[in-house]
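Quick caveat: nothing in here was measured; it's all calculated off a predicted structure.
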Amino acid sequence: MITREEIANVLDQPVYDGDGNKIGDAKHVFFDDMTGRPEWVSVKTGMFGSTESFVPIRDAALVQDHLEVPYGKDQVKGAPSVDVDAGGHLSETEEHRLYDYYGINWDSVLSEAERTDDDRFAAGPGTAGAAGTAGAAGLAGTAGAAGAAGTASGRTGREDAMRREGMRGDEGAMRREGMRGDEAMTRSEEQMHIGVERHESGRARLRKYVVTEEVQQTVPVTHEEVRVVREPITDANRDEALAGPEISEAEHEVTLHAERPVVETETVPVERVRMTTEELTENETVRGQVRKERIEAETESFTEGETKNARDDKRRGGK
């Protein structure tokens with residue numbers, strides 16, 4: 001069982017189940033208003049701690065730097081959602097639902113509270129109000145603590161047991177108002193912590209394929225044409241000119257040549273292509289909601305001669 005002195009080591013610390021699986025982080029500890037003992041711990045679960053689940057702390061143990069509870073991770077995350085009133089208390093109905101979910105007998109809880117004597121008066125720093133069922137509380141200066149006044153929602157059996165034990169009117173009034181010994185309350189507020197997570201945003205790939213395109217290029221080509229050259233008879237060529245018969249028919253043939261383009265292709269490497277990634281940082285605005293407690297003073301006037309018990313009944317909502 002977690003003692004009041006260990007609360008400072010519980011808040012904002014990891015919470016694990018019996019198999020060593022992390023469930024989340026402890027956010028608030030709720031005290032039983034009658035016994036003054038730690039009763040529930042709220043655990044922030046889900047992405048970025050967006051969900052808060054309630055776990056009984058009576059059988060929990062503080063192991064090194066974390067809190068260990070005898071309930072599975074899935075069971076805790078599946079606990080019913082409950083509403084905490086403005087005073088930081090669970091209603092009797094909400095607490096009853098949680099006890100049923102975790103298989104804890106409600107009558108045994110009431111019997112245990114009635115057997116408590118000295119422990120119910122051990123109201124240290126951060127004690128929650130005594131007139132409600134379970135109130136959020138913490139130690140002064142501890143992150144995430146919430147001290148709040150209880151409401152007269154009534155575990156009637158427990159209040160009767162306290163009256164049978166002879167609680168003094170002044171002490172009862174102080175506990176009903178949820179005040180500490182120094183008549184001060186602890187005001188807490190939530191802080192928003194923003195983190196980032198890495199996820200796939202897309203894919204890129206290189207793909208090589210073949211296309212055919214027309215290429216045009218101009219090249220010079222040559223060809224031979226016949227040109228008739230006539231030379232007059234001179235002393236230099238006379239012998240060649242008179243070498244044949246005087247009058248005859250003759251024929252002379254010349255082979256003509258021409259060039260034509262010839263196309264060949266060859267494959268040559270021209271460049272290397274690869275992909276790289278680079279990280280770019282940009283600012284993104286994130287909005288969220290946080291809760292803050294407000295503490296205001298209220299005054300109440302009593303008629304002359306009104307008894308202390310009558311004033312107490314008014315605080316409990318009696319007539």
Heavy-atom closest pair (Tyr102 atom, Phe54 atom, distance to 0.1 Å) is OH-O, 2.6 Å
Please confirm whether the backbone N or O of Tyr71 pairs with a side-chain atom of Asp17, one donor and one acceptor, at under 3.5 Å? no
Can you tell me how far the NE2 atom of His28 sits from the CD1 atom of Ile7, to the nearest 0.5 Å? 12.5 Å
The test is side-chain contact (heavy atoms from CB on, under 4.5 Å); show your working for Val69 and Asp59 and say whether it passes. CA-CA 7 Å; Val69 296; Asp59 295 323; over 6 Å; no
Judged by atom type as modelled, is there a donor-acceptor pair below 3.5 Å linking the side chain of Asn237 to the main-chain atoms of Pro232? yes
Looking only at heavy atoms, what is the nearest atom pair of Pro14 and Lys22, with distance? CB-CE, 4.0 Å
dist Lys27:NZ -> Asp25:CG (nearest 0.5 Å) comes out at 9.5 Å
Distance col, row His96:NE2 vs Asp100:CG, nearest 0.5 angstrom, shows 4.5 Å
Is it true that Val254 and Val226 fall in one hydrophobic cluster, defined by side-chain heavy atoms closer than 4.5 Å? no
Under 3.5 Å side-chain donor-acceptor pair for Glu224 and His257: yes
Answer yes or no: is there an ion pair linking Glu39 with Arg58, defined by an N-O contact shorter than 4.0 Å? yes
Please report the C-alpha distance between Arg187 and Arg294 in whole Å, then the side-chain angles of each, then the deciding distance to 0.1 Å, and finally whether the side-chain contact (heavy atoms from CB on, under 4.5 Å) criterion is met. CA-CA 7 Å; Arg187 189 186 70 83; Arg294 294 287 186 263; 3.5 Å; yes
Looking only at heavy atoms, which two atoms of Glu190 and Gln289 are closest? And how far apart? OE1-O, 4.4 Å
Take Glu293 and Ile295 through the side-chain contact (heavy atoms from CB on, under 4.5 Å) test and state the conclusion after the steps. CA-CA 7 Å; Glu293 294 178 342; Ile295 298 177; 5.5 Å; no
Do NZ/NE/NH1/NH2 and the carboxylate oxygens of Glu52 and Lys44 come within less than 4.0 Å? no
Worked check of side-chain contact (heavy atoms from CB on, under 4.5 Å) between Thr281 and Glu279: CA-CA 7 Å; Thr281 301; Glu279 290 189 352; 5.8 Å; no
Determine the minimum heavy-atom distance between Leu11 and Val29, stating which atoms define it. CD2-CG2, 3.7 Å
Cut-off 3.5 Å, side chains only: do Glu225 and His223 have a donor facing an acceptor? yes
Are any of the side-chain heavy atoms of Val10 and Leu62 separated by less than 4.5 Å? yes
Side chain Tyr16, main chain Lys73, donor-acceptor under 3.5 Å: no
Do Tyr99 and Trp40 make a side-chain contact, defined as non-hydrogen atoms from C-beta onward lying under 4.5 Å apart? yes
Okay, side chain of Glu259, backbone of Thr222: is any donor-acceptor separation there less than 3.5 Å? yes
Where do Leu206 and Met275 come nearest, in terms of heavy atoms and distance? CG-CG, 3.5 Å
For a quick test of reading the model, state the closest non-hydrogen atom pair linking Arg97 to Pro80 and the distance between them. NH2-CB, 3.1 Å
